[in-house]
Amino acid sequence: MGTTTPFQELQHAAQVRVLAGERVWLEDAALEQLRITARLPHIRAAVGLPDLHPGRGYPVGAAFFSVNHFYPALVGGDIGCGMGLWRTDLRAHAASASKLEKQLGNIDGPLPDALMADAQRQLDGIAVAQLPASREMLAASIGTIGGGNHFAELQVVDEVYDADADIDRKRVHLLVHSGSRGLGGAILREHVERFGHAGLTAGSGDARVYLAQHDAALDFACLNRIWIARRILQAIRAEADLLLDVSHNHVQEAEFGGECGFLHRKGATPSDQGVVMIPGSRGDFSYLVRPVAGRDEALFSLAHGAGRKWSRSDCMGRLAHKYRSDELRRTRFGSTVVCNDKELLYEEAPQAYKDVDSVVAALVDAGLVTLLARLRPILTYKKGGLAACC
DNA sequence: ATGTTC
C-alpha cells in the first residue's frame with residue numbers, strides 16, 4: 001500500500017560515474033554533492049572528473065546531463081569561465097621573471113585608455129539590453145583577471161610528449177584563466193531571485209531569456225581573456241598567437257544515450273573542442289592534452305585543472321605556521337607569484353591543490369586524453385602587481 | 001566566483 005513505487009525511484013535514477021584513479025585525492029563531501037545533485041529531477045547522468053571537489057552546494061569538476069529541463073544554478077555564477085592559451089614571440093631561454101614582473105606592473109584595474117576604445121567597440125557585439133548589467137559595468141571589468149582561482153601565467157615548455165604537437169619549445173606561452181566577472185554573477189543572482197534552484201523547462205520563454213544571457217556571458221568571458229592577454233602582451237612588448245580558448249562553466253544542448261538534452265559543465269573542460277590545457281596549481285605543471293574522440297562516458301568532459309584538496313578557509317591555519325607569505329611568492333620551480341593579497345596567497349598555495357600529475361594520469365588511464373606537452377610557470381599573476389613607476 | 005562582505 002506504499003505510495004512510493006519502485007517505478008518512481010527508477011524514473012529518477014541517474015547514472016553516476018566518477019573518473020578518478022586510485023592516486024587521486026577525492027573527498028567524501030564532493031562525492032556526496034555529486035550523488036545529491038544527480039538526484040535532481042530530469043538529470044539522467046552525472047560524472048565526477050578527477051579534479052572533483054566540493055563547491056557551494058554543487059560539486060566542482062563535474063558534468064551533468066538532463067532532459068527537458070536545465071539548471072542555471074548548476075553552472076554557477078562564473079558563466080563562461082575558461083582557459084585561453086597564447087604562444088608569444090618571447091624567447092623562452094631569455095625570459096626573466098623579475099624583468100617581466102616589472103614590465104607587467106599592475107594589471108588589476110580597468111584597461112588602459114589606449115586599449116579601452118578597441119575593447120569598447122568589441123563590447124558592442126554583446127547585447128546589453130537583455131543583460132542585468134550596464135555597458136559601463138562591462139567596460140570596467142573587461143580585461144581584468146578577478147580573484148579566487150583566476151590567474152594569468154607566463155610559462156615555458158618543460159617537455160614535449162608528441163612530436164606532432166603544435167607547441168614551440170623556444171617560446172614563452174601565456175595561459176589566462178578567467179571568466180565573465182560581475183556579469184555572470186548578476187545573471188545567476190537575478191535568475192535565482194525569480195526561480196530559486198528549481199531550474200527551467202526547455203523551450204519556455206524564461207529558458208530562452210536565460211540562455212541568451214548565458215551566451216552573452218560566454219562571449220564576454222572569452223573577450224575578457226583576450227583583453228587580459230592583450231594588456232599583458234602590450235606591457236611585456238610581445239606579440240602572440242591564440243592557440244585555444246575553452247570554457248569550463250556552461251550549459252549547452254547535447255545528445256547523450258540517444259536523447260537530446262542539456263549538458264551542464266561545472267569546472268569541466270570540453271573533450272569535443274580540440275586540444276585543451278589542464279593547469280595544475282601555480283607551483284605545478286600545466287598539461288596540454290588531446291582529447292580522444294568519440295568517448296561519451298565522461299559526458300564529453302575532462303578535468304579543468306588539478307582541483308582543490310583543501311577548502312579556502314583551511315589554508316591559512318594549515319600553512320601560516322609553516323611558511324611566511326614571502327616564501328609563498330616563490331614556487332618549487334623558482335617561479336614568481338605576483339599577489340599582494342595575503343589571504344589569497346595562502347588560499348591558492350600549491351599545497352591546497354591536488355597533484356596535477358595524478359589528475360592527468362587518471363584521464364590518460366581512462367583513455368580520455370593523450371599527452372602533448374607539459375609547461376612550467378615562470379611568473380603567475382594573481383593580483384596587486386607593482387604600480388608603474390615614473 | 002564576487003564593481004564580494006562580516
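Letters A, B, ... are given to chains in the order of the sequence lines, protein chains preceding strands, and every chain is numbered from 1. Please read these numbers as outputs of a predicted model, since none were measured by experiment.
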Practice problem: Would you indicate what A:G146 reaches in the nucleic acid, counting non-hydrogen atoms under 4.0 angstrom: base, sugar-phosphate, or nothing? | Solution: sugar-phosphate
May I have the list of side-chain donor-acceptor pairs in residues 267-276 of chain A shorter than 3.5 Å, sequence neighbours left out?
| residue | atom | partner | partner atom | Å |
| --- | --- | --- | --- | --- |
| A:S271 | OG | A:F300 | O | 3.1 |
| A:S271 | OG | A:S301 | N | 3.4 |

Quiz item: For A:L111 and B:dG3, what is the distance between atoms CG and P respectively, to the nearest whole Å?
Solution: 16 Å
Exercise. Using whole Å, report how far CZ of A:R181 lies from P of B:dT2.
Key: 5 Å
What side-chain donor-acceptor pairs closer than 3.5 Å can you find for residues 232-239 of chain A, not counting sequence neighbours?
none

Quiz item: Roughly how many Å is it from NE2 in A:H150 to P in B:dT4, rounded to a whole number?
Solution: 15 Å
Quiz item: Between atom NZ in A:K383 and atom P in B:dT4, what is the gap in whole Å?
Solution: 10 Å
Exercise. Tell me what A:G185 touches on the nucleic acid: a base, only sugar-phosphate, or nothing, going by heavy atoms under 4.0 Å.
Key: nothing
Quiz prompt | is_close_aromatic(A:Y323, A:Y346), centroid dist under 6.0 Å | solution = no
Quiz item: For A:I145 and B:dG3, what is the distance between atoms CD1 and P respectively, to the nearest whole Å?
Solution: 15 Å
Quiz item: Do any of residues 71-80 of chain A sit with a heavy atom less than 4.0 Å from DNA chain B, and if so which?
Solution: none
Quiz item: Looking at residues at least two apart in the chain, or sitting in another chain, which of them share a salt bridge (charged side-chain N to carboxylate O under 4.0 Å, His left out) with A:K266?
Solution: none
Quiz item: Hey, does A:R189 reach any base, or is it just sugar-phosphate, or nothing, if we go heavy atoms under 4.0 Å?
Solution: nothing
Quiz item: A:H177 or A:D341: which one's nearest nucleotide on DNA chain B is closer to the 5' end?
Solution: A:H177
Quiz item: When all nucleic acid strands are considered with a 4.0 Å heavy-atom cut-off, which category describes A:R56: base, sugar-phosphate, or nothing?
Solution: base
Donor-acceptor pairs are to be reported for all side-chain atoms of residues 50-59 of chain A against protein atoms at under 3.5 Å, with residues two or more places apart or in another chain.
| residue | atom | partner | partner atom | Å |
| --- | --- | --- | --- | --- |
| A:D51 | OD2 | A:H304 | N | 2.9 |
| A:D51 | OD2 | A:H304 | ND1 | 2.5 |
| A:D51 | OD2 | A:G305 | N | 3.4 |
| A:Y58 | OH | A:H197 | ND1 | 2.6 |

Review item, side-chain donor-acceptor pairs of residues 360-369 of chain A, under 3.5 Å, at least two apart:
none

